Amino acid sequence: MTLVGEGRQPQHGGTETVKDPLVELYDEAAAELEKEQSSLIITDESQDKIPEAPTSQLEKGPAKGFACLAPPQEESTQNPNQYIIDKLKELRSIYESKQGDTDTFKVFNLNKVIGDLSRVKHKITTRAQALKLQGSGAKTADKIMEIIATGELQRIQAEDTEEYRVCKLFAGIYDVGAKRAHQWYGMGLRTLEDVEKHKEEIRLTRNQSIGLKYYNDLQERIPRAEASAIFDKIRETAMTLDGNATVYIMGSYRRGEQTCGDIDLLLTRDPTDGITHAGMLHKLLDRLHEQGILTDDLVIPPDNRALEQKYMGVGRLPPDGKMRRIDILAIPYDQKGAALIYFTGDDLFNRSIRLLARKKGYSLNQRGLYGGVGRDTKGKKLSEGTIIASKTEKEIFDVLGVPWREPHERRRK
DNA sequence: TAGCAGCTTTT
DNA sequence: AAAAGC
DNA sequence: GCTA
Ligand SMILES: O=c1ccn([C@H]2C[C@H](O)[C@@H](COP(=O)(O)OP(=O)(O)OP(=O)(O)O)O2)c(=O)[nH]1
Ligand SMILES: [Mg+2]
């Protein structure tokens, strides 16, 4: 494993094609990158040289408005539109807690607007400016103007009901989503104590019980230093099992965030010596339980010999740290690049780059970039296609013509 | 007017 | 198949 | 709720 500071690395984006839909990204990417060097980040890639896949790039169809792939933004300067962003986030939160199918896409759209709004450097003051924002149409522009004028949004006031607040509280329980939350509300439950009191009748699932038990701890984000300490312990244990194992800390930690919602770990092993990590995760989990690092399992891998496995559980920094969500993803070594992209996120960045891949005739998932994917008329996947790239992040970015983005740049915000 | 990422696990 | 999650 |  390699401990690497957050150094710059690759720098040439894919290709300079004629009418590339992502032109805007290119120059910007080359533009200034931030300091933010403070933290060490476990990465890799740096070492895995991998001579460039010569960015193939067939004709690329039109595509634009990949907000989440948009140019890196300054980190230090605080956004002049923050107050607008905050209100739109409130609205998004309301839509998220609803269950209608249109609400899903209102959230989708608000994500675009919020993303664009947060990377725009000028203060929005006119409706024309509001309309220029990616994903902002007449309705959203009106809302933005209302926020500018009054500092409030009537729509939020109207929707900020008891039901919304209670359901948000319930959905904070791990494994409780909008559906279940509203169901419980409909049954008359209003507080976590109500849930606890009626846990028999409402038949909490196993994971919901764990989520309820640790409700307060799991609500909190993990300070970066604590995430790092937990990672060190787990990595150390992993290395005693196999000194050639590779363990990375992923998710928001790899993106450099100061707090993390959970701890996301990636486990793999270079098999060139003929040995793989098959069976290793299972042993690792046993050790971590013995050490008191893991306390509760949410999802255990069904086949402990597979190279790809996902573990989800709860643990702590022993002996008495707060309870934290811990995910460990084991992957075949040759899928490391695709897995790094996936597990680094953020989720909107992933959706954006996956959509881009699709528009270019590929399909990107946590295992690799595929070509020749069979789809039905509605775009639903029928056949897997053939693997195009998966070993390094850069290789995949290059094929897609996406300029290199450091983990800390792969974010909404 | 169709499409909005792609996948796994649990119930 | 729906719900919840990454 | 927006856009190609
Ligand atoms: O819907 C999702 C959720 C997550 N991910 C990927 C990106 C994400 O970065 C990673 C880890 O997920 P997690 O939920 O832990 O997000 P995070 O980015 O680490 O943020 P947080 O600090 O809340 O954990 O998995 C997706 O691709 N799609
Ligand atoms: Mg995370």
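Everything quoted here is computed from the prediction, not taken from an experiment. Below, chain A is the first sequence line, B the second, and so on; all start at residue 1.
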Table of protein N/O atoms under 3.5 Å from nucleotides 8-11 of chain B N/O atoms:
| from | atom 1 | to | atom 2 | distance (Å) |
| --- | --- | --- | --- | --- |
| B:dT8 | OP1 | A:Arg367 | NH2 | 2.9 |

Main-chain N/O of A:Arg190 paired to A:Asp194 side chain as donor or acceptor, under 3.5 Å
yes
Select base, sugar-phosphate, or nothing to describe what A:Leu329 touches, counting heavy atoms under 4.0 Å on all strands.
nothing
Specify the separation, in whole Å, of atom CZ of A:Arg354 and atom P of B:dA5.
10 Å
Any side-chain N or O of A:Asn350 less than 4.0 Å from the OP1 or OP2 oxygen of B:dA5?
no
Please tell me if A:Thr140 has a side-chain N or O lying less than 4.0 Å from either OP1 or OP2 of D:dC2.
yes
Hey, is A:Phe105 stacking on D:dC2? Ring centres under 5.5 Å, planes under 30°.
no
Atom-pair distance (CZ on A:Phe108; P on B:dC4), nearest Å:
8 Å
Salt bridge (charged side-chain N to carboxylate O under 4.0 Å, His left out) partner of A:Arg254, the single match among A:Glu409, A:Glu393, A:Glu406:
A:Glu393
Classify A:Ile328 by what it touches in the nucleic acid, base, sugar-phosphate, or nothing, heavy-atom distance under 4.0 Å.
nothing
NA contact type, A:Thr104, heavy-atom cut-off 4.0 Å: base, sugar-phosphate, or nothing?
nothing
Hey, does A:Arg92 reach any base, or is it just sugar-phosphate, or nothing, if we go heavy atoms under 4.0 Å?
nothing
Assign A:Tyr174 to base, sugar-phosphate, or nothing according to its heavy-atom contacts below 4.0 angstrom with the strands shown.
sugar-phosphate
For the residue pair A:Ile202 and A:Leu189, establish whether any side-chain heavy-atom pair is separated by less than 4.5 Å.
yes
Under 4.0 Å, counting only non-hydrogen atoms across every strand here, what does A:Ala357 touch: a base, just sugar-phosphate, or nothing?
nothing
pair A:Leu294-A:Val314: side-chain heavy atoms closer than 4.5 Å
no
Between A:Val107, A:Thr102, A:Thr104, which is the residue that forms a side chain to side chain contact (heavy atoms under 4.5 Å, CB included) with A:Tyr95?
A:Val107
Whole angstroms only, please: what is the NZ-C1' distance between A:Lys378 and B:dG6?
19 Å
With salt bridge (charged side-chain N to carboxylate O under 4.0 Å, His left out) as the criterion, how do A:Arg155 and A:Glu146 come out once you've worked through the C-alpha distance, each side chain's angles and the decisive distance to 0.1 Å?
CA-CA 10 Å; A:Arg155 185 62 176 272; A:Glu146 184 188 339; over 6 Å; no
Quickly work out the A:Lys359 NZ to D:dA4 P distance and round it to whole Å.
8 Å
Can you check the A:Leu364 CG to B:dC4 P distance for me, whole Å?
15 Å
Separation of atom CG in A:Leu356 from atom C1' in B:dC4, rounded to whole Å
14 Å
Rounded distance in Å - CD (A:Glu384) to P (B:dG6):
13 Å
Please determine if a side-chain N or O atom of A:Lys380 lies less than 4.0 Å away from the OP1 or OP2 oxygen of B:dG3.
no
Nucleotides bounding contact with chain A, strand DNA chain C, heavy-atom threshold 4.0 Å:
C:dA3 to C:dC6
Quick one: is B:dG6 close enough that its OP1 or OP2 comes under 4.0 Å of any side-chain N or O from A:Arg358?
yes
Residues which pass ring-ring contact (aromatic ring centres under 6.0 Å, His included) with A:Phe170, listed by chain and number, not counting sequence neighbours
A:Trp184
Would you say B:dA5 has OP1 or OP2 under 4.0 Å from some side-chain N or O of A:Arg351?
yes
If I pick the C1' atom on C:dG5 and the same atom on B:dA5, what distance separates them, to the nearest angstrom?
14 Å
Would you say A:Lys310 and A:Asp327 make side-chain contact, with heavy atoms under 4.5 Å?
no
Would you kindly give the NZ-to-P distance between A:Lys112 and B:dG3, to the nearest whole Å?
15 Å
So A:Val107, base contact, sugar-phosphate only, or nothing? Heavy-atom distance under 4.0 Å.
nothing
Step-by-step side chain to side chain donor-acceptor pair (under 3.5 Å) determination, A:Thr125 to A:Gln129:
CA-CA 7 Å; A:Thr125 56; A:Gln129 289 175 319; 3.1 Å; yes
Once you round to the nearest 0.5 Å, how far does CZ of A:Phe231 lie from OH of A:Tyr248?
9.5 Å
Between A:Glu162 and A:Tyr185, is there a side-chain donor-acceptor contact under 3.5 Å, judged purely by atom types and distance?
yes
